[in-house]
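Below is one structure; the comments refer to it alone.
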Amino acid sequence: MSEPALRLVSLKEWAAEVGYSHRYVVHVMPRHYPGFPAPERPRRGVTAKGGGGGCALYDPAGLEPFRPRRPSPVELSEEDLDRYVTLGGFARLIGVDGRSVSQIKDDRPDTLPPTVDGQQWYPRALFHARDLLLMWNSRPGQGSGSDKRRPPLPWTTRDGTDGTDGTDGTDGTGDTEA
């Protein structure tokens with residue numbers, strides 16, 4: 001028996017399915033989202049100068065970590081994705097009340113990405129806007145068990161922790177254990 005054929009999708013199909021705009025998925029996500037997958041089957045006839053026919057096809061499983069968990073995901077311009085912002089600045093950037101974003105640091109600090117200087121949140125900390133956007137669009141929603149529906153984020157470990165529990169040879173204060 002032969003194995004069933006892998007179902008591949010174009011970015012246009014995937015964007016329509018999950019709610020992103022086609023332009024955002026094709027032009028922004030591959031350049032600004034770390035770990036965005038390469039196509040399983042590139043366009044036919046593509047050269048270094050472009051050209052070719054058809055469209056690149058992707059494995060939907062590879063795109064799953066980038067799927068928004070809520071309807072109408074937020075999109076930012078390429079310039080905004082490269083900005084350093086505070087939590088309040090990010091809230092203004094996406095057009096929501098600052099408390100909507102800042103409550104995440106109180107309720108679920110483990111979901112916040114590292115700051116631009118590699119630390120966890122502290123007052124007036126700066127974050128990469130693209131990391132906060134990925135966190136924002138992957139919020140699982142309301143209801144009991146919503147945390148179980150949250151996909152793992154790139155800055156968390158497999159067990160859901162942020163990797164700063166002192167098991168890396170430090171006691172959590174930055175001092176090495178004796």
Side-chain angles (χ1 to χ4, degrees), residues 1-85 89-91 93-96 100-101 104 108 110-116 118 127-143 145-163:
M1 298 267 291
S2 64
E3 289 189 28
L6 179 65
R7 180 182 164 267
L8 300 175
V9 297
S10 69
L11 288 181
K12 184 175 186 176
E13 293 168 329
W14 185 75
E17 177 185 325
V18 301
Y20 283 121
S21 71
H22 177 244
R23 188 198 78 66
Y24 188 76
V25 170
V26 170
H27 297 292
V28 176
M29 292 182 88
R31 291 181 185 96
H32 295 281
Y33 282 63
F36 195 82
E40 293 290 320
R41 189 177 316 147
R43 291 176 35 192
R44 294 181 305 275
V46 174
T47 66
K49 294 182 179 181
C55 56
L57 297 176
Y58 292 77
D59 178 4
L63 296 169
E64 192 61 28
F66 303 95
R67 171 187 289 272
R69 300 293 176 229
R70 291 180 166 218
S72 304
V74 176
E75 297 177 3
L76 293 175
S77 69
E78 289 188 60
E79 300 82 40
D80 288 339
L81 284 173
D82 290 331
R83 291 177 65 182
Y84 296 155
V85 294
F90 176 71
L93 199 59
I94 63 173
V96 299
S100 298
V101 177
I104 294 171
R108 291 298 314 274
D110 58 314
T111 61
L112 284 175
T115 61
V116 295
F127 297 88
H128 291 279
R130 68 176 169 267
D131 291 343
L132 289 174
L133 183 66
L134 182 61
M135 177 218 44
W136 184 258
N137 283 337
S138 69
R139 295 171 303 140
Q142 299 176 349
S146 67
D147 288 338
K148 294 175 186 154
R149 295 190 307 267
R150 178 184 290 277
L153 294 166
W155 49 85
T156 58
T157 59
R158 289 269 182 225
D159 62 359
T161 63
D162 62 6

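- Evaluated for a side chain to side chain donor-acceptor pair (under 3.5 Å) with His32, the options Arg130, Glu78, His27 yield exactly one hit, Glu78.
- Aromatic ring pairs are classed by plane angle as parallel below 30°, tilted from 30° to 60° and perpendicular above 60°; the pair Phe90 and Trp136 is perpendicular.
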> Going through the distances and angles, do Leu132 and Leu112 end up as a side chain to side chain contact (heavy atoms under 4.5 Å, CB included)?
Replying inline: CA-CA 7 Å; Leu132 289 174; Leu112 284 175; 4.2 Å; yes

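- With Arg83 contributing its side chain and Glu79 its backbone, the two residues share no donor-acceptor pair below 3.5 Å.
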> Checking side chain to side chain contact (heavy atoms under 4.5 Å, CB included) for the pair Val116/Phe127: CA distance, chi angles, key distance, verdict?
Replying inline: CA-CA 5 Å; Val116 295; Phe127 297 88; 5.5 Å; no

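- Taking Tyr33 as the reference, Tyr24 meet the side chain to side chain donor-acceptor pair (under 3.5 Å) condition, with sequence neighbours excluded.
- Proximity of a side-chain donor or acceptor of Ser100 to a complementary backbone N or O of Val96 within less than 3.5 Å is not detected.
- Between the CG atom in Leu133 and the CG atom in Leu76 there is a gap of 4.5 Å [rounded to 0.5 Å].
- Residues Leu8 and Glu40 form a side-chain contact, since some pair of their non-hydrogen atoms from C-beta on lies under 4.5 Å apart.
- For Ser21, the side chain to side chain donor-acceptor pair (under 3.5 Å) test picks out Glu75, with sequence neighbours left out.
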>> Run Leu57 and Val9 through side chain to side chain contact (heavy atoms under 4.5 Å, CB included) and show every step you take.
In response: CA-CA 5 Å; Leu57 297 176; Val9 297; over 6 Å; no

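- Using a 4.5 Å cut-off on side-chain heavy atoms (C-beta onward), Val28 and Arg23 make contact.
- Atom CG of Asp59 sits about 10.5 Å away from atom CD of Glu64, to the nearest 0.5 Å.
- The main-chain N or O of Pro113 is never found under 3.5 Å from a side-chain atom of Asp131 such that the two would form a donor-acceptor pair.
- Note that the OG atom of Ser77 and the CG atom of Asp82 stand 9.0 Å from one another [nearest 0.5 Å].
- Put simply, SG on Cys55 and CD on Glu13 are 6.5 Å apart, with the number rounded to the nearest 0.5 Å.
- For the residue pair Asp80 and Ala129, the shortest heavy atom distance occurs at O-CB, 3.2 Å.
- Heavy atoms only, all atoms of each residue included: Val26 and Arg31 are closest at O-NH1, 4.3 Å.
- In this structure, Val18 and Pro73 have side chains that are not in contact, with every pair of non-hydrogen atoms separated by 4.5 Å or more.
- Aromatic ring centroids of Phe66 and Phe36 lie under 6.0 Å apart.
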> Does the side chain to side chain contact (heavy atoms under 4.5 Å, CB included) test come out yes or no for Tyr58 and Arg41, once each step is laid out?
Replying inline: CA-CA 7 Å; Tyr58 292 77; Arg41 189 177 316 147; over 6 Å; no

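- How far OH of Tyr20 is from CE of Met29: 4.5 Å, rounded to the nearest 0.5 Å.
- Residue Val25 comes nearest to Pro30 through the heavy atom pair O-CD, 3.0 Å, listed as atom of the first residue, atom of the second, then distance.
- Residues Arg7 and Pro60 form a side-chain contact, since some pair of their non-hydrogen atoms from C-beta on lies under 4.5 Å apart.
- The distance from the CE atom of Met135 to the CD1 atom of Ile104 is 4.0 Å, given to the nearest 0.5 Å.
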